[in-house]
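To find a chain, count down the sequence lines: A is the first, B the second, and so on, and within it residues start at 1. Note that the coordinates shown come from a computational prediction; the quantities given were computed from them, not determined experimentally.
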Number of protein chains: 2
Amino acid sequence: MAVKILLSEDEMPKQWYNLAPDLPTPMQPPLGPDGNPIGPEMLAPVFPMNLIEQEVSAERWIDIPDEVRALLHKWRPSPLYRAHALEKALGTPARIYYKNESVSPAGSHKPNTAIPQAWYNKQFGIEKLTTETGAGQWGSALSFAGALVGLEVKVYMVRISFDQKPFRKVMMETWGGKCIPSPSDTTEIGRKILAEMPDTPGSLGIAISEAVEAAVTDPTGKTRYSLGSVLNHVMLHQTIIGLETKKQLAKINENKVDVVIGCAGGGSNFAGLAFPFVNDKINGDQIDIIPVEPASCPTMTKAPFAYDFGDTGQMTPLMPMHSLGHKFIPPPIHAGGLRYHGMAPLVSAAIKDGLLNPTSIGQIECYQAAIQFARTEGIIVAPETSHAVASAIREAKKAKEEGKEKVIVFGLSGHGLMDLLGYEKYFANELVDHEMTDDEVAESIKSMEGLPKPQ
Amino acid sequence: MAVKILLSEDEMPKQWYNLAPDLPTPMQPPLGPDGNPIGPEMLAPVFPMNLIEQEVSAERWIDIPDEVRALLHKWRPSPLYRAHALEKALGTPARIYYKNESVSPAGSHKPNTAIPQAWYNKQFGIEKLTTETGAGQWGSALSFAGALVGLEVKVYMVRISFDQKPFRKVMMETWGGKCIPSPSDTTEIGRKILAEMPDTPGSLGIAISEAVEAAVTDPTGKTRYSLGSVLNHVMLHQTIIGLETKKQLAKINENKVDVVIGCAGGGSNFAGLAFPFVNDKINGDQIDIIPVEPASCPTMTKAPFAYDFGDTGQMTPLMPMHSLGHKFIPPPIHAGGLRYHGMAPLVSAAIKDGLLNPTSIGQIECYQAAIQFARTEGIIVAPETSHAVASAIREAKKAKEEGKEKVIVFGLSGHGLMDLLGYEKYFANELVDHEMTDDEVAESIKSMEGLPKPQ
């Protein structure tokens, strides 16, 4: 009765899976400010061309370069676990598996794309990357990747997080990254905002604007911007999670999966685990594929599929996605990585095509699930991950009610050792749930009025 | 060119290795307050008899129960890494390997003994464990083990650490452990100390006294005390580290190890990796086996082999060990786990028999090494572990000077994600080195005057 299913380094997938060409309905293009589709060349000041090619690729399989594979071997293939103890505690006939991405040195799935992004930039002759970070997971992962690949990394961190989570900055610095509270006086937009609002706590929207400005205005032309979720090439890099998972399940002759679950903020963790299973579903398998979001930020479950900006500052192209409107500021729940107004276009397209069954859960149920998980399976998960755990427990209980031996697979996207404050608040009974009402959604999506509509 | 060498769950060792019967000079017994040897039955109020049997065992190999093995599989076997990137950065001809114990859910090697200790107590009918913790690694590990095995855990945490590191308490609580700042009003000795010194920051000595009192005074008789290092049975449980390492090296035909390195506070991490290699050395192999301690707490490199108490409060038996004297309070370096006045009797005996080559290193060199390691190998190590990294880098540079293709193996005992404060201080140039002088040592060891002397 194995606890973990392992793969050797040689068994790690040699290609990433691109869902785009398999979608029943073709993806709609991103649009520029004039409402016309954005061509790859228009993204060239922001991203290196080799990643832009992946962003717009129609190829189903894309080779993982050997050097990238060697770097991923620092922690990959990651283990797939059978949750024997949780199953027993729940008394469920379901077999529950979780793919443990917390084993990366940065503690989450984020390095799966940070490493290739850094590597492709380096290949393209880029010397420095800029990015933004909210809670700090992505800034840490990109700093880690920058150290291993040999690139400078500059991270604009939302000032309130910078002040509240000083250790995230220390992590980035240990890996050689430079972490700057945003807004800062290092960019024009930062200076402008500081002049208007010297005491602003900052926002992800502002930090994105600063990071993009810092990249495109570097006179050497050797700086590019890097994003940790939402984009197609980020989803692509993360599919290694699901591809490994399928190999691991095959190894133990677990040939039919009934339920696949991942938490979704920008979408990359969910997509990484789920897209290879979405492929099976497109090919006729019956699988319930569930992206889980916070009830306080119900992008997939309550918001429309629309064209919207990726950032509050309206600097990005318009993307076809589920969105609560680019001005939406989610309540301060502890799952910082799930506080995003939009959803990756690829995930949004799969929802639109009826391939996914999104659900939302309040944070108190999520912490209860995380604590049960810690006391049975032993791992303290990130607040984001707790949403997947809660959904898996719901599904396992349903299987018990139905008396069905279902196979449930969920993504353990990260550990919670850098984010224990939420657990502390839970134990102190200080957590509240914020379920977003239909009226609040209707009000919020008004910021998208007047924008082009998708087909 | 593999990055990691893995073992399957089936390949995990089925027995622990006990160094005691192989030592050239027999171990000297612990002594009671009257100077006479302590018999096993005298330890029965403190530890369950099945662990006392291991403590005094003369068997070379002790079976690991199947249920313990299954629990260890949560993260074991742990990976052995080849440090390709560090080697390249150093330009050394040495091949450097590190055994990564940071992959446990508690983040260190401590669960290797927490799990079996909890399991043997449970087998013996015990319902509750008490222990002390300083920085929090051990309290976290035992809480984790208590959750998995099904035992209550009560941790007395040194008050100043309790106040400074609130997230360690949250970790313990998430696993169901109860964490109490020490001194507390839950024990007689705690109340006495609080009456005398209401504002005391506490100490490990006080916390041990409280934990032992809480165990032995429980009227149900169902509570025992648990210790995370120093004792023979703790060393025993940790030998799984070195036994796995030897299997992993054999797998890649790395048949001759030249240098083995581990950091040593109480001794269990070092012993775990090193003792199976000490066995090879006893059998004739030439191996340089290096326990590394802080220059500010030079127990092995400057202090005598003597009989001393394990705690400041003189509640434990007298143990034959290297000791700076039980009243020694190490300076506040960041490697909290290495701040112990004594050293495990088994490690001390191996030093006395000339089997080990202890060394000491200042914390600034250790942080420099840790940062180089993070930026090459990608893992941010614990402050304790940084001592092993610094020693490995010294040895790799020596191999370069000598032009020798040495094989160096070191123990990566834990990650540093819960202990980033030291890195922050390093970057802020706020760290100082405290090298203990011979005069200071002479003064410190006076607290052992009048105690019995070992042979």
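Neither the backbone nor the side chain of B/Ile115 comes within contact range of chain A; no heavy atoms are under 4.5 Å apart. Using a 4.5 Å cut-off between heavy atoms, B/Leu6 contacts chain A through its side chain alone, with no backbone atom that close. Using a 4.5 Å cut-off between heavy atoms, B/Arg69 does not touch chain A at all. The contact between B/Phe427 and chain A is made entirely by side chain atoms (from C-beta outward), counting heavy-atom distances below 4.5 Å. If you measure heavy-atom distances from A/Leu421 to chain B, the contacts under 4.5 Å come from both the backbone and the side chain. Residue B/Met418 touches chain A through its side chain alone, counting heavy-atom pairs closer than 4.5 Å.
Of all residues spanning residues 140-154 of chain A, those with a heavy atom less than 4.5 Å away from chain B's heavy atoms are A/Phe144, A/Ala147, A/Leu148, arranged by number.
No more than 12 heavy atoms of other residues, nucleotides or ligands shown are found within 6.0 angstrom of NZ on A/Lys178.
Looking at A/Lys4, its side chain never comes within 3.5 Å of a backbone N or O of B/Ser8 through a donor-acceptor pair.
Top candidate by heavy-atom pairs under 4.5 Å with chain A, chosen from B/Tyr423, B/Trp175, B/Tyr367, B/Phe167, is B/Trp175.
Once rounded to the nearest 0.5 Å, the distance linking NE2 of A/His415 with NE2 of B/His415 reads 5.0 Å.
Nearest approach of B/Glu424 to A/Pro166, heavy atoms of both residues: OE2-CB, 4.2 Å. Annotation for B/Tyr81 and A/Trp75: closest pair OH-CA, 4.1 Å, computed over non-hydrogen atoms.
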Expected list for residues 371-380 of chain A: side-chain donor-acceptor pairs under 3.5 angstrom, two or more places apart:
| residue | atom | partner | partner atom | Å |
| --- | --- | --- | --- | --- |
| A/Arg375 | NE | B/Thr174 | O | 2.9 |
| A/Arg375 | NH2 | B/Glu173 | O | 2.7 |
| A/Thr376 | OG1 | A/Gln372 | O | 2.7 |
| A/Thr376 | OG1 | A/Phe373 | O | 3.2 |
| A/Glu377 | OE1 | A/Tyr98 | OH | 2.8 |
| A/Glu377 | OE1 | B/Lys74 | NZ | 2.7 |
| A/Glu377 | OE2 | A/Ala85 | N | 3.0 |
| A/Glu377 | OE2 | A/Leu86 | N | 2.9 |

